[in-house]
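Remarks on the structure that follows.
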There are 2 protein chains.
Amino acid sequence: MAWDTDTTKRKLLEAGVRQFAAAGFAGARMETIGADAGVNKERIYRYFGDKRAFFGAVLEHELTALLDQIVFKGSGPESIAGFMTQLLDRCEERPELSRLLVWESLELDEPVALESRKLGCESKVCGVQSALPNLDQTKAEQLLFSLIALAVGWCELRHLASSIMSTPMSLDEQRATIIEHARALASTNSPSHC
Amino acid sequence: MAWDTDTTKRKLLEAGVRQFAAAGFAGARMETIGADAGVNKERIYRYFGDKRAFFGAVLEHELTALLDQIVFKGSGPESIAGFMTQLLDRCEERPELSRLLVWESLELDEPVALESRKLGCESKVCGVQSALPNLDQTKAEQLLFSLIALAVGWCELRHLASSIMSTPMSLDEQRATIIEHARALASTNSPSHC
DNA sequence: ATAAATTGCAACTGTTTGGTTGGGATTTGC
DNA sequence: GCAAATCCCAACCAAACAGTTGCAATTTAT
């Protein structure tokens with residue numbers, strides 16, 4: 001059977017996403033990543049360098065595309081609510097994403113692929129501004145950050161949630177709440193706000 | 001010189017806070033914790049059990065007191081803003097706290113000291129309710145969680161912040177923004193909301 | 001006073017880990 | 001069609017790691 005090095009690399013990156021998301025950089029095991037990918041771990045070193053470089057490759061591969069599929073539709077606070085809805089969709093279909101985002105800030109000294117991500121974020125900031133035109137760029141950036149922090153927090157601070165909630169929430173209740181809070185953040189600075 | 005086992009234990013717990021906050025459970029080294037405390041690591045095993053048990057002891061020691069010093073004053077959205085101000089104060093004077101909170105959710109299967117923390121959180125939920133009396137308990141819990149998620153997110157998602165912000169923010173600007181957003185979350189459900 | 005128990009440490013152990021190597025299978029360049 | 005390069009893996013290595021032990025110093029109980 002022919003070699004398929006691209007598939008091998010892709011399988012390793014996918015296994016890396018799973019393992020690093022689950023255990024973080026320090027907790028993940030190169031052996032396990034190889035096994036998860038169905039490939040010998042030596043391949044990782046040949047293709048990506050050492051553990052740290054591979055971690056960076058995995059993060060870059062995932063995080064640069066985090067916001068790309070999200071578009072702002074309509075205008076006003078409802079547009080922000082729509083953004084949050086899409087963001088939560090992405091967190092549900094790919095739960096590794098938000099975990100990787102947290103691991104990155106906790107375990108790395110420097111952000112990964114800063115410049116390309118800045119570009120992607122910049123376009124989302126514009127989206128926020130076109131939804132709420134009376135926000136200046138700084139305010140729009142701050143709002144975008146709070147929105148993502150809210151989504152990531154609700155997804156990843158699970159033990160804090162169990163300490164606070166007297167009753168476990170269903171996924172749908174969670175979504176509704178987060179979207180409602182996103183609307184609240186947007187409303188304060190919207191033109192229709194009294 | 002006389003033995004001072006209580007001081008030894010306290011030094012170990014303090015070193016544990018520093019090291020676990022910095023590196024997480026998987027990343028922290030028992031040797032390093034001992035050295036940080038100025039004590040042989042064997043003391044950890046004698047006093048606290050194995051690494052996991054020590055991690056639990058450290059988390060319990062820190063996290064149970066997280067919200068205890070915070071009190072709700074006044075009423076309405078301003079009371080919520082005051083809560084956030086105190087929360088940010090605590091995050092600044094003890095930056096390890098919010099990191100430990102995140103590590104806990106990422107690295108532990110079960111929350112630490114769940115029952116005692118539930119008690120502390122319950123009283124904060126009451127605080128939220130007395131500030132915003134038209135919230136039922138569930139809504140108050142959700143608001144409290146979003147507030148903490150916001151604070152923790154702004155403190156710990158630092159690489160996300162550098163991707164979004166075109167210009168680095170000063171600590172004071174950050175505080176003002178977060179408190180403003182807290183007010184926004186509170187205002188939507190306040191009686192004075194139009 | 002002195003035996004029992006506790007504190008603290010340096011040195012040690014068995015295992016796990018990141019990373020490498022040697023060699024056989026497969027493809028590519030000429 | 002064959003030599004060089006590439007792909008892949010099992011086995012290997014040295015360093016790092018969690019956890020232990022033996023022993024001397026100190027305290028406590030009687």
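Every chain is numbered from 1, with letters handed out A, B, ... down the list of sequences. A quick note: this is a predicted structure, and the numbers were derived from the prediction, not measured.
With sequence neighbours excluded, the residues that form a side chain to side chain donor-acceptor pair (under 3.5 Å) with A:Arg18 are A:Asp36. By the side chain to side chain donor-acceptor pair (under 3.5 Å) test, B:Glu173 pairs with B:Ser170, sequence neighbours left out. Shown here are the side chain to side chain donor-acceptor pair (under 3.5 Å) partners of B:Asp89, two or more places apart in sequence or in another chain: B:Arg175. Taking the salt bridge (Lys or Arg N to Asp or Glu O under 4.0 Å) definition, one finds that A:Glu96 meets it with nothing, sequence neighbours left out.
Spacing between atom CG of A:Asp4 and atom P of C:dT27 amounts to 11 Å, rounded to whole angstrom units. Rounded to a whole Å, the CZ atom of A:Phe25 is 12 Å from the C1' atom of C:dT17. As rounded to whole Å, 15 Å separates atom P of D:dG19 from atom CZ of B:Arg46. Rounding to whole angstrom units, CD1 of residue A:Ile44 and P of D:dC7 are separated by 15 Å. Atom pair B:Tyr47:OH and C:dT6:P shows a separation of 11 Å (rounding to whole Å applied).
Put simply, the side chain of A:Arg183 does not reach to within 4.5 Å of the side chain of A:Ile80, judged on heavy atoms. Under the 4.5 Å side-chain criterion, counting only non-hydrogen atoms from C-beta, A:Lys73 is not in contact with A:Ser79. Within the 4.5 Å cutoff, side-chain heavy atoms of A:Leu87 are placed close to those of A:Leu66.
At the heavy-atom level, B:Ala28 lies under 4.0 Å from the strands shown only through sugar-phosphate atoms.
Applying the ring pair (Phe, Tyr, Trp, His ring centres under 6.0 Å) test to every pair with at least one member in residues 79-98 of chain A, sequence neighbours left out, gives these pairs: A:Phe72-A:Phe83. Sorted by first and then second residue, the side-chain hydrogen bond (donor to acceptor under 3.5 Å, both in side chains) pairs with a member in residues 58-69 of chain B read B:Glu62-B:Arg94, B:Gln69-B:Arg90; sequence neighbours excluded. For residues 16-42 of chain A, the set of pairs meeting the ring pair (Phe, Tyr, Trp, His ring centres under 6.0 Å) definition, not counting sequence neighbours, comprises A:Phe20-A:Phe54, A:Phe20-A:Phe55, A:Phe25-A:Phe55.
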Just do the side-chain hydrogen bond (donor to acceptor under 3.5 Å, both in side chains) check on B:Glu122 and A:Ser166 with the steps written out, would you? CA-CA 8 Å; B:Glu122 213 175 318; A:Ser166 56; over 6 Å; no
Before you tell me yes or no, could you show the steps for B:Arg10 and B:Glu14 under salt bridge (charged side-chain N to carboxylate O under 4.0 Å, His left out), namely the whole-Å CA-CA distance, both residues' side-chain angles and the distance that decides it to 0.1 Å? CA-CA 6 Å; B:Arg10 225 186 41 250; B:Glu14 273 301 312; over 6 Å; no
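Listed by residue number, the members of residues 6-24 of chain B with any heavy atom below 4.0 angstrom from DNA chain C are B:Thr8. For the segment residues 54-63 of chain A, the set of residues with a heavy atom within less than 4.0 Å of an atom of DNA chain D is empty.
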Using a 3.5 Å cut-off and no angle test, enumerate the donor-acceptor pairs between side-chain atoms of residues 149-161 of chain B and protein atoms at least two apart in sequence or in another chain.
unit_1, atom_1, unit_2, atom_2, d
B:Trp154, NE1, A:Ser146, OG, 2.8
B:Glu156, OE2, B:Ser98, OG, 2.5
B:His159, NE2, A:Leu108, O, 2.8

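Axis angle across the helix from C:dA1-D:dT30 to C:dC30-D:dG1, with five pairs used at each end and values rounded to 10°: 10°.
Here the nucleotide nearest the side chain of B:Tyr45, chosen from D:dA18, C:dG19, C:dT7, is D:dA18.
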Quick one: what's the B/S/- string for nucleotides 9-16 of chain D, heavy-atom cutoff under 4.0 Å, read 5' to 3'? BB------
